[in-house]
Amino acid sequence: MLKNPAVNDQPLELGPLRHTAAHLLAHAVVDLFGEDVKLAIGPATETGFYYDFVKEPPFVPDDLPRVESRMRELIAADLRMRGEAIDRPSAEAYYRDRQQPFKLDILYGIAPDEPLSMYTIGTFTDLCRGGHVRSSADVGAVKLLSIAGAYWRGDERNPMLQRIYGTAFPSQAELDAHLQHLAEAEKRDHRRLAKELDLYSIQEEAGPGLIFWHPKGGRLRAVVEDFLRGELRRRGYEAVYTPHMLHEDVFNTSGHLQSFADGMFGPMEVENQRYRVKPMNCPGHILIYKSQPRSYRDLPLRLSEFGTVYRFERSGTLHGLLRVRGFTQDDAHLFCTPDQLQPEFESTLDSALSILRAFQFTDVRLYISTRPDEGLGDEDTWKRATEAIRRACEHAGLPYGIDEGGGTFYGPKLDIKVRDAIGREWQLSTVQVDYVLPERFGLAFTGPDGVEHPPVMIHRVLVGSFERFFGVLIEHFAGAFPTWLAPVQVVVVPIAEDQIAFARSVREQLSEAGFRAELDDSNERLQKKIRNHQLQKVPYMLVIGKSEVQAGQVNVRSRSGEQRAMPLDAFVQQLGREVSERA
RNA sequence: GCCGACGUAGCUCAGGGGUAGAGCGGCGGUUUUGUAAACCGCGGGUCGGGGGUUCAAAUCCCUCCGUCGGCUCCA
């Protein structure tokens, strides 16, 4: 999720091709470093392949080119891939002789009745289920990308292996295209762009995973917050604010201390009472619900909050804005009657889609997660809720995938993933049905029958967390935000000192019209100023020289480099239209 | 957290036992400029923190912190 482009529209033949490439990687490693390198597994992935090894001493980055060129020799040698059935005792003997503990481990993990096979290419034989291209020559073009640590079978209690990642394509041209795609992704890296555009920082002395929003990032966030607040008002949400820390008992009641303790920061002791910084906003909103008796007439009650939460994430997993320890969710909790679940879910989905569209995420995919094994509550309730989600998706007219057993322990959920400008998929919105928390907190409403009933809760975030959302937005737009979002929308650029006064009044008029406009009265040449603001990806520059002052006009240079002289009024109108259309 | 790499000026980076460097940015000046880098000058760093080896450490060793690539999970 963090960075893998997860491009699923690759032709299927790439799988076998890359699987074969993984065998060639192991072949090359054994050729260069000898048979005492321990071999683990080497599958194809969505974007390439890897192979896990244990080598003493470990691989160093300089090894990659050597291994890669050995692989190229193997490809050029046009080696046939041959598969052969093998019986279990022979396979065990084979790997016992060669002292390959991981291969033996794999063998032990395969069901006794399953047939085994060994695949040989060149001088390298590997236990393998198959799924290969015919010859090493079919692999075409390979590139080794990185070395990384990985636990055996992904479990941190197991030994650490060294993983070599690579990718392969039928032709050099396709490989080059892919590498270019990677380079493009790197150019869009939000950590880099955010530094260049001065949006946020993380300060070593303040702690990792904690975000400082600089003025320009803050403007961006404020614009988005205002936009979302408008949406919330329109859709009947109430804004609430809840404390950042709550008594530990609340998290006992909610169950967070049982099921989410690993994600929480430790307790603070105050006057003999233990407090916790909140990792989620739901308990606070529930307490507001609980603060008075509720009637069915009060429902649905929609409580929203840009709630800042803190979660303990292991240091090695932190990543710019995408994975942090403190973040603010555009959170809301809807308390409704069982009958209201369906329409509330529909309108929540509708608002999520319209918001994502506003940010030019038009390629969205829906995923319904159903009951996991550890799901609480009765089967029937789950079924009905899942059905409500399904109907909401159909109502929205969008196809959806099903993630069987992917729900939370308290209810089924709908995740919305979007595809960004260069095809990467990100999960932003999630809408979750919850029967458990209302029960744990003993929530109730009085029905028309005069009897108390438990409400159903919907947890939902639409942009998710502002931090992550901005990470995604920055990369989606490559830092060139549409005008309605841009921290600086217009820079007024006088050519020489004589025009500063006029330029200043232009800037003032723009500010008064509600735009984020700045004046560049620095003592630099025009070219330099243009370069600076172009690098800052400002949507518009208004160049003002002698002739503009004389004509009472502005010369508009757009981010794309187009120029056009026009009266300021005309520009203001154009800009206003662009902003209100969120173009 | 673990494996590996990395950490030198605000930024991007060079230097790898013998007195800390460049470009850009910043500051001061000259220039008054027409659509992506004018010119001259000046500052600026306990080389991530701490400890050790050495006559001498940015450089070698240990340790801690942080960053990056991954492993698991999530907003």
Side-chain angles (χ1 to χ4, degrees), chain A residues 1-4 50 52 54 57-63 145-165 189 191-192 195-196 198 201-209 260 262-263 279-281 307 309 311-331 408 415 426-430 432 459-472 493-500 523-536 541-548 555-559 561-563 565:
Chain A
M1 178 91 190
L2 285 187
K3 64 172 301 265
N4 59 325
Y50 64 82
D52 286 344
V54 173
F59 294 104
V60 296
D62 286 345
D63 292 336
L145 297 170
S146 60
I147 304 171
Y151 296 104
W152 172 234
R153 295 188 187 281
D155 188 327
E156 66 189 55
R157 290 165 302 194
N158 288 337
M160 178 66 68
L161 312 171
Q162 298 143 244
R163 175 171 296 179
I164 296 182
Y165 280 96
D189 190 311
R191 293 165 299 186
R192 207 179 107 122
K195 194 178 273 182
E196 287 166 15
D198 193 19
S201 62
I202 296 172
Q203 317 250 358
E204 185 171 343
E205 60 190 306
F260 202 70
D262 289 350
M280 293 189 194
N281 300 301
V309 297
R311 297 185 189 172
F312 172 74
E313 298 286 353
R314 300 200 288 180
S315 54
T317 65
L318 300 173
H319 183 94
L321 288 173
L322 298 180
R323 182 56 164 254
V324 295
R325 284 182 175 162
F327 56 99
T328 302
Q329 298 175 302
D330 66 322
D331 209 353
T408 64
D415 291 331
W426 308 90
Q427 187 194 315
L428 297 174
S429 318
T430 176
Q432 310 180 341
H459 306 241
R460 50 98 294 184
V461 293
L462 302 187
V463 304
S465 83
F466 288 108
E467 285 74 10
R468 164 178 286 190
F469 186 62
F470 279 99
V472 175
V493 184
I495 293 176
E497 247 169 67
D498 286 348
Q499 296 101 42
I500 289 180
N523 181 15
E524 296 286 354
R525 291 166 71 223
L526 178 61
Q527 286 94 319
K528 179 62 168 293
K529 296 190 194 186
I530 285 175
R531 178 183 151 83
N532 287 154
H533 303 118
Q534 201 74 46
L535 289 173
Q536 287 295 304
M541 284 177 239
L542 301 189
V543 175
I544 295 184
K546 264 193 204 119
S547 50
E548 283 72 25
N555 192 300
V556 180
R557 182 194 161 104
S558 67
R559 191 158 47 193
E562 292 156 60
Q563 296 165 39

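The sequence lines fix the lettering, A, B, ..., with proteins before strands; numbering per chain opens at 1.
Across all strands shown, A:E467 has no heavy atoms under 4.0 Å from either base or sugar-phosphate atoms. Here A:P208 lies in heavy-atom contact (under 4.0 Å) with sugar-phosphate atoms only. Among the protein residues, A:V309 comes within range of no part of the nucleic acid, since none of its heavy atoms lies under 4.0 Å from any strand. Within the 4.0 angstrom heavy-atom criterion, only backbone atoms of the sugar-phosphate kind lie near A:G464; the bases stay farther away. At the heavy-atom level, A:L145 lies nowhere under 4.0 Å from the strands shown. Nucleic acid contact class of A:N555 (heavy atoms, under 4.0 Å, all strands): base. Contacts of A:R557 with the nucleic acid, taken as non-hydrogen atoms under 4.0 Å apart, include base atoms. Among the atoms of the strands shown, none is found under 4.0 Å from any heavy atom of A:Y50. Within 4.0 Å of A:A496, counting heavy atoms only, lies at least one base atom of the nucleic acid. At the heavy-atom level, A:G154 lies under 4.0 Å from the strands shown only through sugar-phosphate atoms. Looking at heavy-atom distances under 4.0 Å, A:E548 makes contact with a base. A:S429 comes within contact range of no nucleotide atom at all, as no heavy-atom separation falls under 4.0 Å.
Straight-line distance between the P atoms of B:rG44 and B:rG21: roughly 13 Å, to the nearest whole Å. Of the P atoms belonging to B:rU31 and B:rA20, the separation is 39 Å, rounded to the nearest Å. Here the separation of B:rU12 from B:rG7, taken at their C1' atoms, is 14 Å to the nearest Å. Taking atom P in both B:rG16 and B:rC60, the straight-line distance is 10 Å, to the nearest Å. Distance noted for atom C1' between B:rG49 and B:rG66: 10 Å (whole Å).
In this model, no side-chain donor or acceptor of A:Q527 finds a partner on the base of B:rU35 within 3.5 Å. Side-chain N/O atoms of A:Q536 and base N/O atoms of B:rA36 include no donor-acceptor pair closer than 3.5 Å. Judged by distance alone with a 3.5 Å cut-off, a donor-acceptor contact links the side chain of A:N523 to the base of B:rU30.
Atom-to-atom distance recorded for A:Q527:CD and A:I495:CD1 is 9.5 Å, nearest 0.5 angstrom.
In this entry the distance linking CZ of A:R325 with C1' of B:rG1 reads 10 Å, nearest Å. Atom pair A:I147:CD1 and B:rC2:P shows a separation of 20 Å (rounding to whole Å applied). As a whole-Å value, the separation of A:E205 CD from B:rG10 P is 13 Å. The CZ atom of A:R314 sits 10 Å away from the P atom of B:rC2 (whole-angstrom rounding). One interatomic measurement links the two molecules: CD1 of A:I530 to P of B:rA38, which rounds to 11 Å at whole-angstrom precision.
Across all strands shown, B:rG10 forms a Watson-Crick or G-U wobble pair with B:rC24, both key distances being under 3.5 Å. In this structure, B:rG43 makes no Watson-Crick or G-U wobble pair, since no nucleotide meets both defining distances under 3.5 angstrom.
Phosphate contact (OP1/OP2 of B:rA75, side-chain N/O of A:H459, threshold under 4.0 Å): absent. Residue A:S315 places at least one side-chain N or O closer than 4.0 Å to OP1 or OP2 of B:rG1.
Mapping A:R531 and A:A148 onto RNA chain B by nearest heavy atom places A:R531 closer to the 5' end of the strand. Remark on RNA chain B: of its neighbouring residues A:R311 and A:Q162, the 5'-side contact belongs to A:Q162, judged by nearest-heavy-atom nucleotide.
Considering only the side chain of A:Y165, B:rC71 comes nearest among B:rC71, B:rA75, B:rU31. For A:Y151, taking side-chain heavy atoms from C-beta onward, the closest of the listed nucleotides B:rA38, B:rC2, B:rG34 is B:rC2. Looking at the side chain of A:K546, the nearest of the listed nucleotides B:rA75, B:rU33, B:rG1 is B:rU33. In the set B:rG7, B:rU32, B:rA75, B:rG7 carries the atom at the smallest distance from any side-chain atom of A:E204. You'll find that the side chain of A:L526 is closest to B:rU33, out of B:rU33, B:rA38, B:rC71. When each of B:rG34, B:rC74, B:rU67 is scored by its nearest atom to the side-chain atoms of A:I202, the top-ranked nucleotide is B:rU67. Between B:rC68, B:rA75, B:rG4, one nucleotide has an atom nearer to the side chain of A:R191 than all others, and that is B:rC68.
Closest non-hydrogen pair, A:R163 versus A:D52, comes out as NE-OD1, 2.7 Å. Of all non-hydrogen atoms in A:S429 and A:L462, the two that sit nearest each other are OG-O, 2.6 Å.
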